[in-house]
Amino acid sequence: MGFVLRVFGFILLLDELLLCMAAKPANVHYYDFVVKETNYTKLCSTKSILTVNGSFPGPTITVRRGDTAYVTVHNHGLYGLTIHWHGVKQPRNPWSDGPENITQCPIQAGANFTYQVIFSDEEGTLWWHAHSDWTRATVHGAIIILPPNGKNYPYSTPFAQETIILASWYKADVMAVYDEAVTTGGDPNTSDAFTINGQPGDLYDCSNETTYRILVNYGKTYLFRIINAVMNEQQFFGIAKHKITVVGTDGEYIKPITTDYIMISPGQTMDVLVTANQKPSYYYMASSAFADANASFDNTTTTAILQYNANYTPPSTIPSPSLPSYSDREAAENFTSKLRSLASKEHPVSVPKNVTKKMFISVSVNQELCPNASCSGPNGTRLSASLNNISFETPTIDILQAYYRSLNGHQGKKGSNNGIYTTDFPINPPYFYNFTGDVGNNTMNPSLGTKVKLINYMEQVEIVFQGTNVMAPENHPMHLHGFSFYLVGTGSGNFNYKTSPKSYNLVDPPKVNTFGVPKNGWATIRFVADNPGVWFMHCHLERHATWGMNTVIIVKNGPTSRTSILPPPDNLPSCSKS
């Protein structure tokens, strides 16, 4: 009888489990990320790197448009960190956006935190990465967002797909590189190699046995999902003797562009179609830097092999793509100027045309004075960077919690923001000058502060980013969390309020989450402030973000609970430790 009861109980339990499984929504996904140190050998030496689930790059998250993913991050590393879901808008949910001390304090070593990653209208390729100091160098991975059930790609379904992640590799410990730069105030050491899916490729020492290979069948078309996770360099990428057709960028579809190469900035993603229509053989795919500044950069080239499935004798010399020179601004701009939204019935555009909030932000690399000229920057200064001549200081308690407490009447001794930040980030530079000409020394030294900009819910926002000739001009890939936005215009030289807007594309501009401000030029974005929350805005060149090329945009709550920030999760990491 006891045995029968046990069996009957097991059947009831199994029945309950099956009912629970049947009731579980198909659009919810669960992942466990275990952050830990793992030994890796590259470039003839072995070192310990921070990984997720022991892999570099980390695991891929796959969802469909509009799904939700719960990702529990178990920090088994040596120090605190956070994870950011790059390009995921997280509607009303800044609590899971991830930038350290902006929307959360770090997940301390030995602790865990579950992120609720809410997908909305994104479709295509995005990525996730650590957002604490320079930990994203090895802690990153792909996010693949498929069309909803019953929907197809707006192009012929590819035979297969492959993710290609471009990244940086340092022989030294990445955190040691970061710590030295922060301590001395000098320029951080450049990486020793670039990688494709974790492998440097045939052109580096001790690397040709592990070169990444993609196997293809003749005549078939493949979707390559390309992610630039490189730390400090924009990248050219191409495949020998094969054309690339770009069909998406930053989780949005675009009008197809057929090209020999792409230029992709850190933070950006691109979906490209490649047809295996060449003589069956081996072909190099390669990536190298686009660097248009007088600053040090990694001038190496990473390779992988496109290998046909067929019977043939491998070539003694593998063909390489002809990529533009590292300083070829014309090649870079020729590519980026072709980007246009798909603007179809299924994927329409909605460019804000009644702008109610305008901002003009100058983007500069600067210097800070050090006592007795004791730092390692030029003339004993500390290298710095700024937006509107303000170098951002990251607080030790996150801005989102301070802001949320102020909304709920919990005011600190120093005011509604608890002394964590001020709301006086300016909508214009402190004064206007010849931004791209002879700037003199007037703007060399920025002011320091944790200044944010408050924007009303549903404002139609236009921001002009003006690159400057201060110290070290270059192309700056800017990223705004919480939004995709329309890149309505770019140009060289100083922005002109009368003539520059005449060049805007308000019909089919690309919708992106990361964009390049041209060297000594300008770029204009537009978006509707329909996502209440605290959202980080920063340069995605890691050394510039470290130097302070950041700010925060706070979008105020709307008039109802459904247009307001969601309440904080129960297990939000404590800010009691730095």
Heavy-atom closest contact ([X] atom, [Y] atom, distance):
X    : Y    : value
S341 : Y486 : OG-CE2, 4.4 Å
A289 : F236 : O-CD1, 4.0 Å
L146 : T62  : CD1-CG2, 4.1 Å
Q466 : G521 : NE2-O, 3.3 Å
P518 : G491 : CG-O, 4.1 Å

Let's go through F224 and M285 carefully: what are the C-alpha distance in whole Å and the side-chain angles of both, what is the deciding distance for side chain to side chain contact (heavy atoms under 4.5 Å, CB included) to 0.1 Å, and is it a yes or a no? CA-CA 12 Å; F224 291 169; M285 56 182 68; 4.1 Å; yes
With under 30° as parallel and over 60° as perpendicular, where do the rings of [X] and [Y] fit, or are they tilted in between?
X    : Y    : answer
F495 : Y497 : perpendicular
Y261 : F335 : tilted
H540 : H86  : perpendicular
F527 : F483 : tilted
F435 : F360 : tilted

Any side-chain donor-acceptor pair under 3.5 Å between [X] and [Y]?
X    : Y    : result
T468 : S364 : yes
T563 : Y457 : no
N456 : K556 : yes
W134 : T546 : yes
Y222 : Q161 : no
Y115 : Q90  : no
S391 : S384 : yes
N27  : R64  : no
T190 : D298 : no
T82  : E100 : no
S296 : D187 : yes

Give, for atom [atom1] of [X] and atom [atom2] of [Y], the distance between the pair rounded to the nearest 0.5 Å.
X    : Y    : atom1 : atom2 : value
N520 : N469 : CG    : CG    : 4.5 Å
H481 : W535 : NE2   : CH2   : 9.5 Å
N101 : L400 : CG    : CG    : 11.5 Å
I262 : F290 : CD1   : CZ    : 14.0 Å
W127 : T163 : CH2   : OG1   : 13.5 Å

Any donor-acceptor pair under 3.5 Å from [X] side chain to [Y] backbone:
X    : Y    : value
R136 : V230 : yes
N93  : Q116 : yes
R329 : K519 : yes
Q460 : N354 : yes
E252 : T249 : no
N334 : E330 : yes
N388 : P426 : yes
H479 : N513 : yes
T514 : Q268 : no
H544 : E542 : no

Step by step, would you call I553 with I463 a side chain to side chain contact (heavy atoms under 4.5 Å, CB included)? CA-CA 12 Å; I553 288 180; I463 305 178; 4.1 Å; yes
Are [X] and [Y] close enough that their ring centres sit under 6.0 Å apart?
X    : Y    : answer
Y70  : Y31  : no
H538 : H131 : yes
Y403 : Y421 : no

Excluding sequence neighbours, so at least two apart, what forms side chain to side chain donor-acceptor pair (under 3.5 Å) with S386?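 Partners of S386 under the side chain to side chain donor-acceptor pair (under 3.5 Å) test: N366.
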Just to verify, what does T275 make a side chain to side chain donor-acceptor pair (under 3.5 Å) with, not counting sequence neighbours?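 For T275, the residues satisfying side chain to side chain donor-acceptor pair (under 3.5 Å) (neighbours in sequence not counted) are T221.
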Dump the intermediate steps for side chain to side chain contact (heavy atoms under 4.5 Å, CB included) on L166 and I164, then the final yes or no. CA-CA 7 Å; L166 311 176; I164 296 174; 4.1 Å; yes
Exactly one of [options] should register a side chain to side chain contact (heavy atoms under 4.5 Å, CB included) with [X]. Which one does?
X    : options              : value
S288 : N299, T300, T301     : T301
W85  : I118, D97, I61, L126 : I61
I264 : T336, N228, I227     : N228

Salt bridge (Lys or Arg N to Asp or Glu O under 4.0 Å) contacts in which one or both residues fall within [range], not counting sequence neighbours:
range            : result
residues 453-466 : E462-R526
residues 229-242 : none
residues 472-496 : E474-R543
residues 476-485 : none

Could you tell me whether [X] and [Y] have a side-chain N and a carboxylate O separated by less than 4.0 Å?
X    : Y    : value
K255 : D508 : yes
K511 : D250 : no
K451 : D424 : yes
K151 : E346 : yes

Neighbour count >12 (heavy atoms, 6.0 Å) for atom OH, Y326: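 Counting neighbours around OH of Y326, 12 or fewer heavy atoms of other residues, nucleotides or ligands fall under 6.0 Å, so no.
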Checking side chain to side chain contact (heavy atoms under 4.5 Å, CB included) for the pair T422/T450: CA distance, chi angles, key distance, verdict? CA-CA 6 Å; T422 59; T450 307; over 6 Å; no
